[in-house]
Amino acid sequence: MSKPNNKFWLTTPMHEMSHEQWESLCDGCGKCCRIQFLDDDDTMLMQTDVACKLLDTSTLRCTDYHNRLSKVPDCVQITPDTINDYYWLPDSCSYKIVARGEDLPSWHHLVSGNRELIHQEGFSLQGKLVSEMDVPEEEVEDRIIEWIAITD
């Protein structure tokens with residue numbers, strides 16, 4: 001993959017990006033595809049090491065991206081209008097970085113020209129997730145790996 005000629009994410013407002021530009025911002029970290037829970041009081045987000053059944057855990061790519069919203073009820077479509085609704089996305093999410101008006105990190109494929117660099121640099125969940133197809137449903141909550149306080 002070659003590096004882009006311009007940094008459209010710094011010069012094009014999110015709402016004016018083409019669909020292709022917007023989609024290309026995804027860094028492929030896999031963090032939005034893991035199963036998460038809110039506690040009963042809605043004050044703690046519990047993240048697991050269990051990935052959506054559609055995520056290929058080795059490549060961190062959705063195996064049915066175009067049909068994912070109909071196949072996975074909890075799957076979300078991140079758009080310029082909804083990016084701020086997803087408080088559970090990590091601050092390192094490229095969509096959130098662009099929404100904050102910041103430049104993408106050096107490991108991002110649009111900057112480096114290398115889709116594997118995010119994995120090589122350790123900024124993705126490659127090698128750290130198991131598919132929900134391999135974990136009995138009643139055991140998913142036993143695989144909570146991180147608790148994050150939700151703030152306003």
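In what follows, residues are counted from 1 in the order of the sequence shown.
- Closest approach of V72 to C52, counting heavy atoms only: CG2-SG, 3.8 Å.
- Under a 3.5 Å cut-off, the side chain of T63 and the backbone N or O of L54 do form a donor-acceptor pair.
- To the nearest 0.5 Å, atom NZ of residue K53 and atom NZ of residue K71 are 8.0 Å apart.
- The aromatic rings of H108 and W9 are tilted relative to each other, their planes meeting at an angle between 30° and 60°.
- Here N114 contributes atom CG and S106 contributes atom OG; the two are 11.0 Å apart, rounded to the nearest 0.5 Å.
- No donor-acceptor pair closer than 3.5 Å links the side chain of H109 to the backbone N or O of I118.
- Of all heavy-atom pairs spanning L104 and S94, the tightest one is CD2-CB, 3.8 Å.
- Put simply, the side chain of E132 never gets that close to the backbone of V50: no donor and acceptor are under 3.5 Å apart.
- In this structure, the side chain of W107 does not engage the main chain of Q120 through any donor-acceptor pair within 3.5 Å.
- Q126 contributes a side-chain N or O that, together with a main-chain N or O of S58, makes up a donor-acceptor pair within less than 3.5 Å.
- Here the shortest heavy-atom pairing between I97 and S92 reads CD1-O, 3.4 Å.
- Within 6.0 Å of NE2 on H15 lie more than 12 heavy atoms contributed by other residues, nucleotides or ligands.
- With rounding to the nearest 0.5 Å, the separation of CZ in F123 from CG in D27 is 10.5 Å.
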Hey, mind stepping through F8 and L25 against side chain to side chain contact (heavy atoms under 4.5 Å, CB included) and telling me if it holds? CA-CA 10 Å; F8 70 84; L25 294 176; 4.0 Å; yes

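- At distances below 3.5 Å, not a single donor-acceptor pair connects side-chain atoms of T82 with backbone N or O atoms of D85.
- Residue V135 is grouped with residue I35 when hydrophobic side chains (ILVMFWY) are merged at heavy-atom distances under 4.5 angstrom, including chains of intermediate members.
- Hydrophobic clustering, with ILVMFWY side chains joined whenever heavy atoms are under 4.5 angstrom apart, groups Y87 together with M14.
- Cluster membership for M17 and L10, using ILVMFWY side-chain heavy atoms within less than 4.5 angstrom, is shared.
- For the atom pair CG of N84 and OH of Y95, the computed distance is 14.0 Å after rounding to the nearest 0.5 Å.
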Does the side chain to side chain contact (heavy atoms under 4.5 Å, CB included) test come out yes or no for K31 and L89, once each step is laid out? CA-CA 7 Å; K31 294 175 183 174; L89 288 170; over 6 Å; no

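- When all heavy atoms are compared, the tightest approach of S124 to H119 is OG-ND1, 2.6 Å.
- In terms of heavy-atom proximity, K96 sits nearest to Y86 at NZ-O, 4.4 Å.
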Verdict with reasoning, L38 to W88, per side chain to side chain contact (heavy atoms under 4.5 Å, CB included): CA-CA 10 Å; L38 280 176; W88 46 265; over 6 Å; no

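- Summarising the geometry, atom OG1 belonging to T12 is positioned 13.5 Å from atom NZ belonging to K7; distances are rounded to the nearest 0.5 Å.
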Starting from the C-alpha separation in whole Å, work towards a yes-or-no answer on side chain to side chain contact (heavy atoms under 4.5 Å, CB included) for T57 and V130. CA-CA 7 Å; T57 58; V130 296; 5.9 Å; no

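- Put simply, the side chain of T48 never gets that close to the backbone of V140: no donor and acceptor are under 3.5 Å apart.
- Grouping the Ile, Leu, Val, Met, Phe, Trp and Tyr side chains by contacts below 4.5 angstrom, directly or via other members, places W22 with V76.
- Residue-environment remark: CZ (R68) exceeds the threshold of 12 foreign heavy atoms within 6.0 Å.
- Contact check on D49 versus K128 returns no salt bridge, with no Lys/Arg side-chain nitrogen under 4.0 Å from an Asp/Glu carboxylate oxygen.
- Heavy atoms of other residues, nucleotides or ligands lying less than 6.0 angstrom from CD of Q77 number more than 12.
- Taking CG of D64 as the start and CG of L69 as the end, the distance is 10.0 Å to the nearest 0.5 Å.
- Formation of a donor-acceptor pair under 3.5 Å by the E16 side chain with backbone atoms of P13 is not found in this model.
- The shortest heavy-atom contact between L129 and G30 is CD1-O, 4.2 Å.
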